[in-house]
Amino acid sequence: MDLDFTPAEETFRAQVRDWLAGHVPPRLPSMDTREGFEAHRAWEADLAAARLSVVSWPEEYGGRAASLMEWLIFEEEYWASGAPGRVSQNGIFLLAPTLFAFGTPEQRARLLPRMARAEDVWAQAWSEPEAGSDLAALTSRAVRVDGGWLLHGQKTWSSRAAFASHGFGLFRTSGSRHHGLTYFLFPLDGVLVRPIAQLDGTHGFAELFFDGVFVPDDMVLGEVGQGWKIAMATTSSERGLTLRSPGRFLATADRLVSLARDADPVLRDRAARCLIDAEAYRLHTFGAVMGELGATTSLGKVFWSELDVRMHTLAMELLGPAAASTPWFDGYLFSLAGPIYAGTNEIQRNIIAERVLGLPR
Ligand SMILES: Cc1cc2nc3c(=O)[nH]c(=O)nc-3n(C[C@H](O)[C@H](O)[C@H](O)COP(=O)(O)OP(=O)(O)OC[C@H]3O[C@@H](n4cnc5c(N)ncnc54)[C@H](O)[C@@H]3O)c2cc1C
C-alpha cells in the first residue's frame, strides 16, 4: 500500500488547515442545548460559505466533489484543529448518502443544499420503546391517504430532535418484521416532540409522537415497502467511516498523549497504546478506501467505540477531580454511549460472528 499523499491531496490539506486556523471559534456550548444548537448551526453556515461543510458532495449541492481520501484528510484536519462537533451530522453523513443512493433527483435538489447550509437539521427516528436492537419489531405505521400518508406511533432516543427541523425513520405500510416497512422523511413541526433530560443537564434527546401526521408522497425515500434495505444503508454509514472517521480518534489520542506526558510510566504506556490503536484504525481505514482490506463496518464500530471509552477513561484517571471542569468530562460521558448507539456492540459482535466469521447462530 502506498502511504504517500499526492501533491493535490497535500495542497487540499494545507488549504483546509489554513482556513480552520483562521476560523475555528472558541469552545461552543453543548449542541444538546438550545443556545448551543444555534451556535453550532451558525458554525455550519460558516463552513458552508467556505464550501467546507460537505466536501465530498458534488458541487451542485454545495460540495467540492472531494475523493474519499481527501475527505479523510479533511476530517483529520478538522478534528486536529479543535473545531466544534457537527450538529448536522445525522443529515450530512447518514441521510445524505442514502439520498444519493435512493432519492430522486428532485428530492436531492430540494433537500441537500438546505442540509449543507444547516438550514434544515435532520434527526434520526428509528428506535421505539419496544424496538431498539430488534428494529424490525417497530410498530409505528403509515396509512395511505390521497396524495400521501398519515404517520402514527412513537419514536424515542432521537438525538437532537428537540431542536432539529426534520426527521427520517421507518414506518410500517404493510407486512410484518422486515417486510413492508417504508422510509419516510418528515418535518418535525407537525410532530409532538417531548425532550428527554439527560444526566449532564442537556435535553436535546427527544421522544416523538405521531398522531396522524400528514406526509406527502414526495417525502417517501425509495420504494414503498423497501424501507428496511434503505435503512440498512443509513445504519452502515453510522457505524462506518462516514460518521466515525479516524481523524477524530487520532485527535483525541494526540491530546491524550500530551496530557500523559508527565504521568507515571504505566499511564504513559496506556496513552501510547491508545495512540497506536488510533493510528491502526486510521491505516485500516486508508486500506479500506484503497480497496486493499475487506473491512466491515461492524468490526470498525466495536474498535472505535471501545478505543474512545479507553481514551476518555484514561483522561479521567490522569486529571482526577479536575476533569469535571474540562471538555474531557463531556467527552467521557459521551464515549460511554458509543457502545450503545449505532447498534450496540453486543449486536455488532453477533453480526461479526455470524456474517464475518460464519459461526452458527
Ligand atoms: C447517545 C445515544 C444516541 C442515540 N441516538 C439515536 C437516534 O438519534 N435515533 C434513534 O432512533 N435511536 C438513537 N439511539 C438509540 C439506540 O439506537 C438504541 O439505544 C440501541 O439501538 C439499543 O436499543 P435499546 O436501547 O432499545 O436496547 P435493547 O435493544 O433493549 O438492548 C438492551 C441490551 O440487550 C442487549 N441485546 C439486545 N438484543 C441482543 C441480542 N440479540 N444479543 C445480544 N445482546 C442483545 C443490547 O446489546 C443491550 O445491551 C441513541 C442511543 C444513544 C445511547
Side-chain angles (χ1 to χ4, degrees), residues 30-33 37 85-95 98 121-140 151 153-172 177-178 181 183-186 188 191 193-210 227-228 230-232 234-240 242-244 248 297-298 301-302 304-306 308-309 312 330-355 359-361:
S30 163
M31 67 173 97
D32 281 324
T33 62
F37 183 87
R86 307 294 306 271
V87 75
S88 319
Q89 64 181 25
N90 287 345
I92 60 178
F93 295 142
L94 305 182
L95 178 57
T98 320
V121 177
W122 292 78
Q124 300 196 88
W126 309 120
S127 307
E128 297 186 1
E130 300 303 327
S133 300
D134 185 13
L135 185 60
L138 64 83
T139 58
S140 293
L151 305 184
Q154 181 189 349
K155 302 285 179 180
T156 191
W157 307 128
S158 188
S159 295
R160 280 171 296 287
F163 313 122
S165 59
H166 289 72
F168 54 95
L170 287 181
F171 292 76
R172 184 164 300 291
R177 298 288 300 166
H178 309 79
L181 296 169
Y183 198 126
F184 283 95
L185 313 173
F186 46 85
L188 280 166
V191 179
V193 178
R194 191 190 289 164
I196 304 171
Q198 288 173 250
L199 266 181
D200 63 2
T202 63
H203 45 274
F205 248 151
E207 295 176 289
L208 308 177
F209 297 88
F210 301 82
W228 184 262
I230 304 168
M232 288 308 104
T234 308
T235 57
S236 123
S237 293
E238 184 171 20
R239 284 165 206 162
T242 48
L243 188 55
R244 299 295 163 217
R248 67 165 65 191
T297 56
S298 294
K301 200 259 155 164
V302 171
W304 62 248
S305 58
E306 293 188 348
D308 209 31
V309 173
H312 285 89
D330 293 338
Y332 171 67
L333 291 178
F334 189 66
S335 76
L336 298 179
I340 302 173
Y341 65 77
T344 70
N345 283 11
E346 289 79 15
I347 295 297
Q348 304 315 310
R349 287 192 159 87
N350 285 351
I351 295 172
I352 294 164
E354 290 164 17
R355 296 192 214 149
L359 299 176
R361 285 174 72 91

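All values below were derived from every heavy atom in this structure, side-chain atoms included, with hydrogens, water molecules and symmetry-related copies excluded. Starting from 1, each residue takes its place in the sequence as its number. Ligands are counted one by one from 1 in listed order, and the atoms in each one are counted from 1 as well.
Residue-ligand proximity, Y341 to ligand 1, at heavy-atom distances under 4.0 Å covers atoms 1 (C), 2 (C), 3 (C), 4 (C), 50 (C), 51 (C), 52 (C). Residue A337 has at least one heavy-atom neighbour below 4.0 Å for each of these atoms of ligand 1: 1 (C), 53 (C). Against a heavy-atom cut-off of under 4.0 Å, F205 is close to the following atoms of ligand 1: 1 (C), 2 (C), 3 (C), 4 (C), 5 (N), 52 (C). Short contacts between ligand 1 and I347, defined as distances under 4.0 Å to a heavy atom of the residue, involve ligand atoms 38 (N), 39 (C), 40 (C), 41 (N). Taking every heavy atom of N350 and a limit of under 4.0 angstrom, the matching atoms of ligand 1 come to 40 (C), 41 (N), 42 (N), 43 (C). Of all atoms in ligand 1, listed by their number and element, those nearer than 4.0 Å to a heavy atom of S158 are 7 (C), 8 (O), 9 (N).
Looking only at heavy atoms of the protein, atom 19 (O) of ligand 1 is closest to I340 CG2, 3.6 Å. W157 O, 2.9 Å is the protein heavy atom nearest to atom 13 (C) of ligand 1.
The aromatic rings of Y341 and W304 sit tilted relative to each other, their planes meeting at an angle between 30° and 60°. Taking the six-membered ring where tryptophan is involved, the planes of F186 and F171 are perpendicular, since the angle between them exceeds 60° and thus also 30°.
At least one N or O atom of W126, backbone or side chain, sits closer than 3.5 Å to an N or O atom of ligand 1. Among the atoms of N90, none of the N or O lies under 3.5 angstrom from an N or O of ligand 1. Distances between N or O atoms of T344 and those of ligand 1 include at least one value under 3.5 Å. The shortest N or O to N or O distance between E128 and ligand 1 is not below 3.5 Å. Note: an N/O pair closer than 3.5 Å links S133 and ligand 1 by distance alone.
A salt bridge links E306 with R349: at least one charged nitrogen is closer than 4.0 Å to a carboxylate oxygen.
By the 4.5 Å heavy-atom criterion applied to side chains, F205 and D32 are not counted as neighbours. By the 4.5 Å heavy-atom criterion applied to side chains, L336 and V309 are counted as neighbours.
Of the residues E207, E130, R194, the one that meets the side chain to side chain donor-acceptor pair (under 3.5 Å) test with Q154 is E207.
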Step-by-step side-chain hydrogen bond (donor to acceptor under 3.5 Å, both in side chains) determination, S236 to T297 = CA-CA 6 Å; S236 123; T297 56; 4.7 Å; no
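Protein heavy atoms are found inside the 4.0 Å sphere centred on atom 47 (O) of ligand 1. Distance screen at 4.0 Å: atom 32 (C) of ligand 1 has no protein heavy-atom neighbour inside the cut-off. Atom 35 (C) of ligand 1 is never approached by the protein to below 4.0 angstrom, counting heavy atoms only.
Between I196 atom CD1 and H203 atom NE2 the span is 12.5 Å, to the nearest 0.5 Å. From L170, atom CG reaches atom NE2 of H178 across 10.5 Å, with rounding to the nearest 0.5 Å.
For atom 10 (C) of ligand 1, the nearest non-hydrogen atom from the set S127, G167, A137 belongs to S127. Selection from P339, G132, A123 by nearest heavy atom to atom 23 (O) of ligand 1 gives G132.
S305 and N345 form a side-chain donor-acceptor contact under 3.5 Å, judged by distance and modelled atom types alone.
The distance between the ring centers of F168 and W126 falls below 6.0 angstrom.
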